[in-house]
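Below is one structure, written out as structure tokens; the observations come after it.
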Amino acid sequence: MDYLRAFAILAVLAIHVSAGFTAIPNINALMVVNIGIDIFSHFAVPLFIFISGFVLYLKYQKNYSQKEFYQKRFWRIIPPYLLFTTFYLIFNAFIAAYKTGTFTFPSILQIAYAYLAAGGYYHLWFFLIIIELYLLYPVIIKIYNFFLDRGTDWLFLVLALVLQLGWQIFGANFQLHLFGYDLSITNKIFFCEIFYLVFGIYICKHYPTIKEWVLKKSILTFVTPTIIFTIIGSGLWLTGIYIYGSYNSIPDISFTFIESLIQPLFYLFIFALLFAVSNKITNSNKNFKWLLTVSLYSFGIYLIHPFFQTGLIYVGKIFGITYETIIYYPLTFILTLALSMIFVYIIRKFKYYKYIIG
């Protein structure tokens, strides 16, 4: 789980850095490569949620204190969420002031959206989903145990998948608007990621059997479909860019149905691949301590990395390093990771660091 968590946070950074392809005006090799990286790396949040389901089920199955459960989840999630939502509201205001020359305070609607709908910055949407899943975990686990007691927990897994697919398709066709403001709320409802939580629970319950099955397979069993799905996803995005002129011009509903169908299968192959790799790392004599450190710092890295990435973008422009230059991508990834880890390392020196970075 530690190595999987490290892979997940590295993928988050890869998504956000490779997303620079959206600013490349014409389809070229640099765009194609970064689209492929972006498509592949989107397993990140599903993997985090899978890990949450797995780890929660280890401790909270049938006889546990719901009060203790909610208290631990609250102090781990809510203080960092509120703190960094405030931080990014201020940061956004300063970025806007830098661009326009005028400092403007966020509106009441923007503040409400930031705190109530995880709209403080683009990456905080994950918090709304994880908060919802934590709130509903006792209900989810009761339903799972209901099916488990009847030997049909696989059926609940299927139902969770169907619910997730249905919600993703619905969400792509419906967005809530209020006072002319796009709330972008349907893609932050727990339904859109519920399968991965239930899958984590299911794997935890049947871990010995599934572990044995995965490790008996050749890594190529998982590498080959991963490559195929990455090519398919990249092809869809490139088709959309070719038709509509840019990535940002592609309508949300264009490939939602196809992507919603293939993504879970795609990610399951990646999960299995990363599990096999993690197992090899665990059993090797080589030192991968740095990956364990990345895992330990992952929550803090997730919280702070957009701040450093944004700063590096502005600094890079001074030296002529933009989205259209090859060096931007590896350099921004490495420096964002390094600066984020230094930040987390420093914060962890303080007594109450858990209330800041979880």
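In what follows, residues are counted from 1 in the order of the sequence shown.
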Just by distance, do the side chain of [X] and the backbone of [Y] share a donor-acceptor pair under 3.5 Å?
X	Y	value
Glu193	Ile129	no
Thr239	Gly235	yes
Ser18	Ile15	yes
His123	Leu303	yes
Tyr328	Gly316	no
Tyr70	Leu135	yes
Thr152	Phe147	yes
Glu324	Ile24	no
Tyr267	Ile262	no

Within the 4.5 Å heavy-atom criterion, are [X] and [Y] side-chain neighbours or not?
X	Y	value
Phe69	Leu56	yes
Leu82	Tyr355	no
Ile357	Tyr297	no
Arg348	Leu296	yes
Tyr64	Ile141	yes
Ser340	Phe307	no
Asp38	Asn34	no
Ile35	Ile39	yes

Handout entry: Working for side chain to side chain contact (heavy atoms under 4.5 Å, CB included), residues Phe308 and Phe343
Key = CA-CA 10 Å; Phe308 290 116; Phe343 170 83; 3.9 Å; yes

Problem - By ring-ring contact (aromatic ring centres under 6.0 Å, His included) - contacts of Tyr81 (at least two apart) - result: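 ring-ring contact (aromatic ring centres under 6.0 Å, His included) list for Tyr81, sorted by chain: Phe127.
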
Handout entry: Mutual orientation of the aromatic rings belonging to Phe271 and Phe50 [parallel < 30°, tilted 30-60°, perpendicular > 60°]
Key =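 Rings of Phe271 and Phe50: tilted, 30 to 60°.
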
Rounded at 0.5 Å granularity, tell me how far [atom1] in [X] sits from [atom2] in [Y].
X	Y	atom1	atom2	value
Ile241	Asn26	CD1	CG	11.0 Å
Ser278	Tyr3	OG	OH	8.0 Å
Asp153	Ile143	CG	CD1	13.5 Å
Leu268	Gln263	CG	CD	11.5 Å
Lys217	Trp213	NZ	CH2	5.0 Å
Thr224	Phe269	OG1	CZ	9.5 Å

Problem - Stepwise side chain to side chain contact (heavy atoms under 4.5 Å, CB included) check, Val55 with Lys59 - result: CA-CA 7 Å; Val55 173; Lys59 189 172 183 180; over 6 Å; no

Problem - side chain to side chain contact (heavy atoms under 4.5 Å, CB included) assessment of Ile111 paired with Phe105 - result: CA-CA 10 Å; Ile111 293 173; Phe105 286 99; over 6 Å; no

Exercise for the section: For side chain to side chain contact (heavy atoms under 4.5 Å, CB included), just list the numbers for Phe319 and Thr325, CA-CA rounded to whole Å, side-chain angles, deciding distance to a tenth of an Å, and then say yes or no. Expected result: CA-CA 11 Å; Phe319 297 96; Thr325 57; over 6 Å; no

Look at the side-chain heavy atoms of Ile, Leu, Val, Met, Phe, Trp and Tyr, link any pair under 4.5 Å apart, and say whether [X] and [Y] land in one connected group.
X	Y	answer
Phe91	Phe103	no
Ile227	Val33	no
Ile356	Ile90	no
Trp125	Leu116	no
Ile140	Trp154	yes

Handout entry: side chain to side chain contact (heavy atoms under 4.5 Å, CB included) partners for Leu335, two or more places apart
Key =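 Leu335 satisfies side chain to side chain contact (heavy atoms under 4.5 Å, CB included) with Leu312, Leu331 once adjacent residues are dropped.
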
Does [X] [atom1] have over 12 foreign heavy atoms under 6.0 Å away?
X	atom1	value
Phe94	CZ	no
Phe146	CZ	no
Ile108	CD1	no

Handout entry: Residue list, salt bridge (charged side-chain N to carboxylate O under 4.0 Å, His left out) with Lys216, at least two apart or on another chain
Key =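 Lys216: salt bridge (charged side-chain N to carboxylate O under 4.0 Å, His left out) contacts with Glu212.
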
Problem - Partners meeting salt bridge (charged side-chain N to carboxylate O under 4.0 Å, His left out) with Lys62 (sequence neighbours left out) - result: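 With neighbours one apart ignored, the set is Asp149.
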
Give the minimum heavy-atom separation between [X] and [Y], together with the two atoms involved.
X	Y	value
Leu261	Pro264	O-CD, 3.7 Å
Ile9	Ser298	CD1-O, 3.5 Å
Phe299	Gly358	CD2-CA, 3.6 Å
Ala160	Ile194	O-CG2, 3.7 Å
Asn145	Gln61	ND2-O, 3.2 Å
Tyr57	Cys204	CD2-SG, 3.7 Å

Practice task
Before giving the answer on ring pair (Phe, Tyr, Trp, His ring centres under 6.0 Å), spell out for Phe21 and Tyr323 the whole-Å C-alpha distance, their side-chain angles and the decisive distance to 0.1 Å.
Solution key: CA-CA 7 Å; Phe21 80 82; Tyr323 298 123; 10.0 Å; no

Problem - Inter- and intrachain pairs under salt bridge (charged side-chain N to carboxylate O under 4.0 Å, His left out), touching residues 5-31, at least two apart - result: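 Found Asp2-Arg5.
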
Exercise for the section: Determine which pairs satisfy salt bridge (charged side-chain N to carboxylate O under 4.0 Å, His left out) with at least one residue from residues 70-96, sequence neighbours left out, and list them in order. Expected result: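 Applying salt bridge (charged side-chain N to carboxylate O under 4.0 Å, His left out) to every pair that reaches into residues 70-96, excluding sequence neighbours, yields Glu68-Lys72.
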
Exercise for the section: Have a look at Tyr121 and tell me which of Tyr302, Tyr113, Tyr88 forms a ring-ring contact (aromatic ring centres under 6.0 Å, His included) with it. Expected result: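 Considering Tyr302, Tyr113, Tyr88, a ring-ring contact (aromatic ring centres under 6.0 Å, His included) with Tyr121 is found only for Tyr88.
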
Exercise for the section: Using the ring-ring contact (aromatic ring centres under 6.0 Å, His included) rule, pick out the option among Phe222, Phe229, Phe43 that qualifies with Phe266. Expected result: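 Of the listed options, the one satisfying the test is Phe229.
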
Practice task
Output, in order, the C-alpha distance, side-chain angles, deciding distance and verdict of ring pair (Phe, Tyr, Trp, His ring centres under 6.0 Å) for Tyr202 and Phe156.
Solution key: CA-CA 9 Å; Tyr202 182 87; Phe156 182 49; over 10 Å; no

